[in-house]
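Here's the structure we're looking at; comments come further down.
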Amino acid sequence: MIKRGTNYNDIYNYRNSRHFINTIKEARKFDEENGKKLVIFAGACQSFFEALISAGANFASSPGRILIDFLDPLIVAENIATTEEYKYLTIDDIAKELRDGKKGVGGIGANGKMKYI
């Protein structure tokens, strides 16, 4: 959020969120052509969370408009990568491992990516 911004629902009050949104949309276009297997974590501290999720991100920061811990996105990615592909993970499954829980990271969830050979 920019310092003078007061309206949380105005994309112009966020420094980088519009760039994240454009990137999510482009990644989803690519993903549709290649099997819909992409899991997207988008945003940074104090991002426009709702717009990131609406654009197509599975997980995003930060629903509480707070400064997130730099490890939180890595924890989410690790959990997705090490969960079996038939299991669906939600933020509720991961929140207890995050420093700020659901205030720092939110999302709709994703299937795990681990495959057994």
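Since we're looking at a predicted model, the values are computed, not measured. The residues of the chain are indexed from 1 along the displayed sequence.
- Met114 contributes atom CE, which lies 4.0 Å from atom CD of Glu84 (distance to the nearest 0.5 angstrom).
- In terms of modelled atom types and a separation under 3.5 Å, the side chain of Asn22 and the main chain of His19 share no donor-acceptor contact.
- The closest side-chain heavy-atom distance from Ser47 to Leu52 is below 4.5 Å.
- Atoms OG1 and CG, from Thr90 and Asp93 in turn, are 3.5 Å apart once rounded to the nearest 0.5 Å.
- Under the 4.5 Å side-chain heavy-atom criterion for grouping Ile, Leu, Val, Met, Phe, Trp and Tyr, Ile108 is connected to Phe49 within one hydrophobic cluster.
- Closest non-hydrogen pair, Ile21 versus Ala55, comes out as CG2-CB, 3.9 Å.
- With hydrogens and angles ignored, the 3.5 Å screen pairs no side-chain donor or acceptor of Asn111 with any backbone N or O of Tyr86.
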Can you give the donor-acceptor pairs under 3.5 Å from side chains of residues 97-106 to other protein atoms, not counting sequence neighbours?
residue	atom	partner	partner atom	Å
Glu97	OE1	Asn79	ND2	3.3
Arg99	NH2	Leu67	O	2.9
Lys102	NZ	Asp92	OD1	2.5

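- Cluster annotation: Ile66 and Phe70 are assigned to distinct hydrophobic clusters (Ile/Leu/Val/Met/Phe/Trp/Tyr, side-chain heavy-atom contacts under 4.5 Å, transitive).
- Around the NZ atom of Lys96, the shell of radius 6.0 Å holds more than 12 heavy atoms that belong to other residues, nucleotides or ligands.
- A donor-acceptor pair under 3.5 Å is absent between the side-chain atoms of Ser62 and the main chain of Ile68, judged by distance alone.
- Hydrophobic clustering of Ile, Leu, Val, Met, Phe, Trp and Tyr side chains at less than 4.5 Å, counting indirect connections, keeps Val76 apart from Leu38.
- The ring-ring contact (aromatic ring centres under 6.0 Å, His included) check on Phe59 picks up nothing, with sequence neighbours excluded.
- Residues Ala27 and Ile40 approach most closely at CB-CD1, 3.9 Å, considering heavy atoms.
- Taking CZ of Phe48 as the start and OG of Ser61 as the end, the distance is 13.5 Å to the nearest 0.5 Å.
- Pairing each heavy atom of Ile24 with each of Ala57, the nearest pair is CG2-N, 3.7 Å.
- In this structure, the separation between CG on Leu74 and CZ on Phe41 is 9.0 Å, given to the nearest 0.5 Å.
- Between Ile94 and Leu89, the closest heavy-atom pair is CD1-CD1, 4.3 Å.
- Looking only at distances, a side-chain donor or acceptor of Lys113 sits under 3.5 Å from a matching main-chain atom of Lys37.
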